[in-house]
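Here's the structure, in structure tokens; my notes come after.
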Amino acid sequence: MTTVDPGLRQGVLGDAALFAGMTLPQDRARLAAERSRMPALDPVMRVDPRSPRPLTRETVAGRVELSPTIEATERIQRIWDQGVLESRQFAQSLAFLAPSWLGRDTGGCTQEDADCEDIVVATALRCSETVAYRRIREAHRAVDLCPRTFARLLQGEFPAAWFRELLRRSGSLTDEEMALLDASVSRWDEGITSEHFGRCLGNVITTLLERRELPPHLDVEARRRVELDHGREDGTACLQMTGPVPDVLGLSRRLDASARAVQAAQRRALEAGTTVPMDPHGEAAEAGRPLSLATLRFLLLTSAELDTDGVEVPVEAFRMNVTVPLFTLMGHSDAPGMLDGTIPIPADMARELAAGEEAWYRLLTDASSGEFVPAPAQRYSVPRAMREHLRVRMSTCAVPGCRRPASCATEADHIQEYDHADPSHGGRTSVDNLHLLCWQHHALKTARRIDPVRMPAAASPTGRAGTRWSLSGQMHVFQEDDTDLATPGLVADLEASWASILAARRERRERERQEQERWERERQAPDPPLSETPDPPPPDTANPPPAPGPGG
């Protein structure tokens, strides 16, 4: 049966009991009068999703089955309890990290204090310094900027997944905007679906962003960026570009038009039998067909020259290193190579890169540990070869937890300060007394907030050479030097192979010795005794016996 709203001109079709839950004409007038007397709500606060039926531990099983069994109900309730526990544990972890913020946005600490705190947290959590900062900032935003919603999370009333989504999507909001977001979200019903929560959260955040004087699509810092993802094990990386739709779409169309033009030129060259343009590896000529648009886009981007508007770009301080184990280079092993000391690449790719180079650089490593053998000390200025050696030994900034690549924006720093007045007194320019620091941590060391001391393998806690860092005199962290990961494995293989060769030699010598002893025993054994029965005489061939007669 379908009920039809008769409108204001019609009378009442039935009472409220007959049309339960339906807004009748006289109710509309009453609600309109009440709303006219209510103060205007903030648009953010008007987003108030509610569930028609409250969701509790006792009613959650009904969301899964209309007629749940006892076993199903108990199982769903155990999952509910686990969700409550997850929310409380997540809240506790945030509460532990929130004090490490140290009031950075209100002048509660200096930048050096904040940097040292990041290093301490990174060491305790066994993560990078960047991740530690993100965790601290996330905890600050949760505990200090969203106190109402955080209180519900701490009680287990607010799902942890919802709170993580809230923190992730609100990362660009100001403190004032976070306060409004917290006031709105903390009132939401936990019985709504996750999809409904996501839509309402997006509605509130979009409303807050639209209030800004600077529209979100013009916020350069938040909307325009290029990020590199090289944490892949298959030898590939991803360069991701994010920006306003018109800019990105315009670049995509220009790139696509260029790729199509080159593809058409390749097709014409193949038909005419002439040189194929933009075919550096000869793939189009070999296959007899033009390259795909995706491949051409990649070639166009990687071969493009960057327009810096007249700004001179300095020569790179480091070359791009590809470290290839000797056995991999010879084809006797498939141990991966390393690009810039941090990115593993497949053995075939490493061999292909090595085959295309005219000059190779040899690095010596200790056969037992894989530690790189130091180059000799020379003078105060660090020569290029020594810088390259440092970058191989430590592929990132030497400070524990810092993941800034050593190939860019790093400085070769003397661990024990170089004595310009008396160079022989200490602080030599040698690999053992040098490390690479990013500009931020170099400033911290200059300010005496962090102090490194080199430790030999015999005195280190791990049995390998490294650096012991003192952080503001309160905490000491040991950072082990990078090593060639392939060397110990190759040495173990060589030792095992040599042991098997020696064992085979011993076995062969043992067999030869036993054979020699057997031969000696046989040679020295006495001749056997003569037999008492004489041997029969040889037959007389000159006078053979007569043949028997017929009756014979």
Side-chain angles (χ1 to χ4, degrees), residues 43 130 134 165 167-174 177 181 195 198-232 234-272 274-285 287 289-316 320 339-340 343 403-405 407-409:
T130 302
R134 291 175 181 172
E165 183 178 359
L167 294 175
R168 177 179 60 83
R169 298 178 64 176
S170 64
S172 62
L173 298 183
T174 64
E177 292 168 343
L181 178 66
E195 293 80 10
R199 288 194 300 269
C200 293
L201 181 64
N203 193 343
V204 172
I205 293 177
T206 301
T207 302
L208 291 171
L209 291 176
E210 288 295 335
R211 294 178 173 182
R212 295 182 176 179
E213 295 182 2
L214 182 65
H217 65 277
L218 295 179
D219 190 347
V220 176
E221 294 296 329
R223 307 289 290 180
R224 293 183 173 92
R225 61 184 182 274
V226 175
E227 298 172 321
L228 173 64
D229 174 19
H230 55 67
R232 303 186 177 191
D234 58 352
T236 62
C238 176
L239 192 66
Q240 180 177 342
M241 174 182 176
T242 302
V245 173
D247 295 346
V248 177
L249 185 59
L251 174 62
S252 175
R253 289 180 174 177
R254 293 195 303 273
L255 185 61
D256 186 69
S258 302
R260 291 182 184 278
V262 173
Q263 190 182 61
Q266 288 185 344
R267 187 176 293 107
R268 291 192 296 268
L270 290 171
E271 293 173 352
T274 58
T275 303
V276 179
M278 192 161 284
D279 188 20
H281 305 292
E283 298 174 356
R289 60 177 181 272
L291 300 176
S292 66
L293 291 176
T295 303
L296 290 173
R297 293 188 193 101
F298 178 84
L299 293 174
L300 287 169
L301 281 179
T302 53
S303 62
E305 295 184 0
L306 303 180
D307 183 7
T308 58
D309 196 17
V311 177
E312 183 179 356
V313 179
V315 178
E316 293 186 6
M320 181 180 292
L339 184 64
D340 273 350
I343 309 170
R403 299 290 178 85
R404 295 182 180 91
S407 58
C408 60

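Here the structure is a predicted model, which means the values were calculated and not measured.
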With a sphere of 6.0 Å drawn around CZ of R267, does it hold more than 12 non-hydrogen atoms of other residues, nucleotides or ligands?
yes
Does Q263 reach the main-chain N or O of S292 with its side chain, forming a donor-acceptor pair under 3.5 Å?
no
Look only at the side chain of S170 and the backbone of L173, and say whether a donor-acceptor pair between them is shorter than 3.5 Å.
no
Minimum heavy-atom distance between R169 and G198, given as atom pair plus value:
NH1-O, 3.1 Å
In Å and rounded to the nearest 0.5 Å, what is the CG to CG distance from L299 to L291?
6.5 Å
Could you measure the distance from the CG atom of L296 to the CE atom of M278? Nearest 0.5 Å is fine.
7.5 Å
Atom CG of L239 and atom OG1 of T302: how far apart are they, to the nearest 0.5 Å?
11.0 Å
Taking only residues two or more places apart in sequence, or in another chain, which ones meet R199 in a side-chain hydrogen bond (donor to acceptor under 3.5 Å, both in side chains)?
none
Separation between CD of Q266 and OG1 of T275, rounded to the nearest 0.5 Å:
12.0 Å
About how many Å separate CG of L201 and CD of E165, when rounded to the nearest 0.5 Å?
6.0 Å
Measure across A269 and V276 and return the closest heavy-atom pair with its distance rounded to 0.1 Å.
CB-CA, 4.0 Å
CG on L270 to CZ on R268, rounded to 0.5 Å
11.0 Å
Given side-chain contact (heavy atoms from CB on, under 4.5 Å), test T174 with L208 step by step and report yes or no.
CA-CA 10 Å; T174 64; L208 291 171; over 6 Å; no
